[in-house]
**Student:** 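Here's a structure for you.
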Protein chains: 2
Amino acid sequence: MSEILLRKLQNYLGFSEIERKAVLSLPSQTITLPARQGLEEDTGGDGDVYVIEDGFACRYRMLSDGRRQILCYLVPGDVIDLRRFITGAPPPPAVSMSQLRMRAIPSSAVLGMIERMPRLMRALWWSTIVDESIVQEWLVSLGQRTALERISHLFCELLVRLKAVGMAEQDSFRLPVTQAELADTLGLSTVHVNRTLQELRRMDQITLQNGIVTVTSFEKLQALALFSPAYLQMRAATPPPLRPASA
Amino acid sequence: MSEILLRKLQNYLGFSEIERKAVLSLPSQTITLPARQGLEEDTGGDGDVYVIEDGFACRYRMLSDGRRQILCYLVPGDVIDLRRFITGAPPPPAVSMSQLRMRAIPSSAVLGMIERMPRLMRALWWSTIVDESIVQEWLVSLGQRTALERISHLFCELLVRLKAVGMAEQDSFRLPVTQAELADTLGLSTVHVNRTLQELRRMDQITLQNGIVTVTSFEKLQALALFSPAYLQMRAATPPPLRPASA
DNA sequence: CCCGTAAATCAACATGGGTTAATCTCGGCC
DNA sequence: GGCCGAGATTAACCCATGTTGATTTACGGG
């Protein structure tokens with residue numbers, strides 16, 4: 001297993017050398033798939049656990065008349081299908097939003113590890129709790145925040161999440177997401193997402209080119225978005241970048 | 001423990017006589033509190049697990065400028081603080097919306113039970129998964145559904161959930177919730193909630209008096225709301241009423 | 001270098017839902 | 001029986017966001 005999972009889990013708990021080794025030596029197989037492809041085809045109910053290494057994906061729900069709501073983003077470091085692995089309940093459908101690289105870890109290996117190392121189990125649980133908190137925070141955004149606040153909030157959240165796994169620079173990160181997908185994420189129309197992005201640029205809050213978001217001042221954006229990172233439940237400091245966000 | 005928890009869990013799995021007995025003989029203590037009171041004061045971090053017996057409560061999040069989003073309803077049969085009990089992470093604040101009666105079950109008793117009876121553990125887990133699915137479905141509502149659809153959807157959901165624990169009649173249930181609270185639930189203004197309720201009445205879809213919602217035709221309301229109960233993951237049939245919904 | 005397509009942008013107009021501020025209803029209480 | 005406060009209801013007006021449809025830009029493939 002690559003380092004990214006360890007980075008992710010270390011946001012929640014500190015680990016001993018032995019625990020770190022256990023994570024890094026999990027057997028895994030790399031899976032790559034192109035943008036806009038359903039994840040189920042490649043991650044079918046075989047019970048493996050997947051960790052995103054690079055690229056974005058999302059879960060979504062469609063209404064019968066074609067409206068779509070994106071339920072969560074799956075970004076590098078995220079562990080997916082943990083729930084299915086534990087409860088057997090299938091999660092909502094997911095698609096890649098960009099080219100995606102992930103690792104499949106046999107569930108038996110995960111099971112073995114968490115049985116021997118309760119702190120790792122706790123960290124994995126913790127990550128599922130945070131995933132829930134994120135959905136709740138999105139509910140707050142859709143229910144209460146204006147378009148400007150919603151976009152700003154999403155950017156703040158992604159910057160923090162991606163920095164936590166070394167996939168963002170100090171003030172910028174790669175966002176391989178289309179404006180139409182942002183619209184389905186935020187409950188807005190494509191046109192209005194575009195307008196609002198323009199406005200954020202005009203306000204000199206962000207820069208967005210070639211899929212790279214750069215934040216002028218995180219503090220200002222955070223204030224604008226009414227963002228407070230507590231719901232992400234991370235320990236204070238974030239580790240140094242794993243590699244350039246432009247990768 | 002009263003029968004309501006058993007009713008709730010039986011929506012997910014069938015149980016043996018022994019398992020049923022185990023649930024019913026859980027030690028518990030009744031807690032009553034008035035409307036609009038924070039639950040934390042009475043259910044502080046003592047690690048107990050609580051089951052709502054009668055009345056509604058909700059979890060919510062406030063923004064710094066006073067906007068409030070209700071994150072979920074806690075209704076009869078719901079098990080709360082299960083997550084905290086497992087992970088130690090404190091959930092968002094909660095308040096009672098009506099007079100509330102619940103049972104506190106010592107966590108040790110719950111632990112003992114689920115260790116001996118894996119099917120009960122599975123059912124409890126299942127209920128937490130469903131709680132998550134509900135939040136996701138609310139996200140779909142706030143992101144994609146119109147005001148009319150949102151209210152209709154909420155009513156459909158509550159009817160199904162409450163019927164599942166015997167707290168609703170065939171087509172009606174008690175909704176001890178103010179229009180302002182509905183507004184904070186659905187991301188609408190109080191005025192618009194009122195307008196929309198009027199419209200539902202004018203359309204002859206519902207009746208709402210004295211806090212009792214009566215649905216004219218569940219099928220029609222369901223179609224209007226784009227409601228499909230799959231996300232509630234209940235086994236087909238619902239049991240007969242526990243007692244009148246007007247209680 | 002040209003084409004074709006997806007994504008972004010823009011303009012013009014429409015509307016669902018927000019805001020404000022009265023007014024009304026009704027149960028509880030003295 | 002009148003007062004009071006909470007909640008429900010209305011009306012009038014406004015604006016944030018949606019819709020439609022055209023245009024431009026970016027970019028991979030031939």
Side-chain angles (χ1 to χ4, degrees), chain A residues 34-37 56 63 65-69 95-99 141-154 174-203 206-213 224-225, chain B residues 34-37 56 63 65-69 95-99 141-154 174-203 206-213 224-225:
Chain A
R36 265 140 263 266
Q37 183 162 334
F56 276 38
L63 296 184
D65 65 357
R67 282 175 276 178
R68 180 176 77 148
Q69 177 64 44
V95 255
S96 58
M97 301 166 95
S98 66
Q99 221 213 36
S141 279
L142 298 208
Q144 305 300 327
R145 285 189 252 254
T146 65
L148 200 69
E149 292 165 345
R150 285 183 215 182
I151 296 194
S152 309
H153 192 277
L154 180 64
R174 184 167 137 68
L175 181 72
V177 171
T178 215
Q179 291 186 6
E181 289 166 331
L182 283 177
D184 284 349
T185 303
L186 300 167
L188 299 169
S189 66
T190 312
V191 174
H192 201 63
V193 166
N194 186 282
R195 281 199 281 247
T196 308
L197 285 173
Q198 309 280 351
E199 189 175 355
L200 278 171
R201 288 193 264 238
R202 215 175 319 117
M203 295 168 74
I206 65 156
T207 257
L208 171 48
Q209 11 179 322
N210 297 107
I212 310 277
V213 174
L224 207 176
Chain B
R36 264 140 265 265
Q37 182 163 334
F56 277 38
L63 297 185
D65 65 356
R67 282 176 275 179
R68 180 176 77 148
Q69 177 64 44
V95 255
S96 58
M97 300 166 96
S98 66
Q99 222 212 32
S141 279
L142 297 208
Q144 305 300 326
R145 285 189 253 254
T146 65
L148 200 70
E149 292 166 345
R150 286 182 214 182
I151 295 194
S152 309
H153 192 277
L154 180 65
R174 183 166 139 67
L175 180 72
V177 171
T178 211
Q179 291 186 4
E181 289 165 332
L182 282 178
D184 285 349
T185 303
L186 300 167
L188 300 168
S189 66
T190 313
V191 173
H192 201 63
V193 165
N194 186 282
R195 282 198 280 246
T196 308
L197 284 173
Q198 309 283 349
E199 188 175 353
L200 278 171
R201 289 194 263 238
R202 215 175 319 117
M203 294 168 74
I206 65 155
T207 256
L208 170 49
Q209 13 180 318
N210 296 107
I212 309 278
V213 174
L224 207 176

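Protein chains get the first letters and strands the later ones, always in sequence-line order, with residue 1 at the start of each.
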**Student:** Which part of the nucleic acid, if any, lies within contact of A:Asn210, taking any heavy atom under 4.0 Å across all strands shown: a base, the sugar-phosphate backbone alone, or nothing?
**Tutor:** sugar-phosphate
**Student:** Under 4.0 angstrom, heavy atoms only, what part of the nucleic acid is A:Arg145 near: base, sugar-phosphate, or nothing?
**Tutor:** nothing
**Student:** How is B:Arg67 classified with respect to the nucleic acid when contacts are heavy atoms under 4.0 Å: base, sugar-phosphate, or nothing?
**Tutor:** nothing
**Student:** Can A:His192 and A:Arg195 be said to form a side chain to side chain donor-acceptor pair (under 3.5 Å), step by step?
**Tutor:** CA-CA 5 Å; A:His192 201 63; A:Arg195 281 199 281 247; 3.0 Å; yes
**Student:** Please report the distance, rounded to the nearest Å, between CG in B:Asn194 and C1' in C:dC24.
**Tutor:** 12 Å
**Student:** Considering only C:dA11, D:dA8, D:dG18, which nucleotide approaches the side chain of A:Val191 most closely?
**Tutor:** C:dA11
**Student:** Below 3.5 Å, does any donor atom in the side chain of B:Arg195 face an acceptor in the base of C:dG18, or the other way round?
**Tutor:** yes
**Student:** By nearest atom, which of the nucleotides D:dT17, D:dA11, C:dG17 is closest to the B:Ala147 side chain?
**Tutor:** C:dG17
**Student:** Would you classify B:Leu197 as touching base, sugar-phosphate or nothing, given that sugar-phosphate means primed atoms plus P, OP1 and OP2, and contacts are heavy atoms under 4.0 Å?
**Tutor:** nothing
**Student:** Think B:Gln179 has a side-chain N or O under 4.0 angstrom from the OP1 or OP2 of D:dA6?
**Tutor:** no
**Student:** Any base atoms under 4.0 Å from B:Gly187, or only sugar-phosphate, or nothing? Heavy atoms, all strands.
**Tutor:** sugar-phosphate
**Student:** Measuring to OP1 and OP2 of C:dA8, would you say a side-chain N or O of A:Thr178 lies under 4.0 angstrom away?
**Tutor:** yes
**Student:** Within the structure, does a side-chain N or O atom of B:Thr146 lie under 4.0 Å from either OP1 or OP2 of C:dG17?
**Tutor:** no
**Student:** Of all the nucleotides listed (C:dA7, C:dG18, D:dG18), which has the minimum atom distance to the side chain of A:Ser189?
**Tutor:** D:dG18
**Student:** Base, sugar-phosphate alone, or nothing: which one does B:Arg150 contact when heavy atoms must sit under 4.0 Å apart?
**Tutor:** nothing
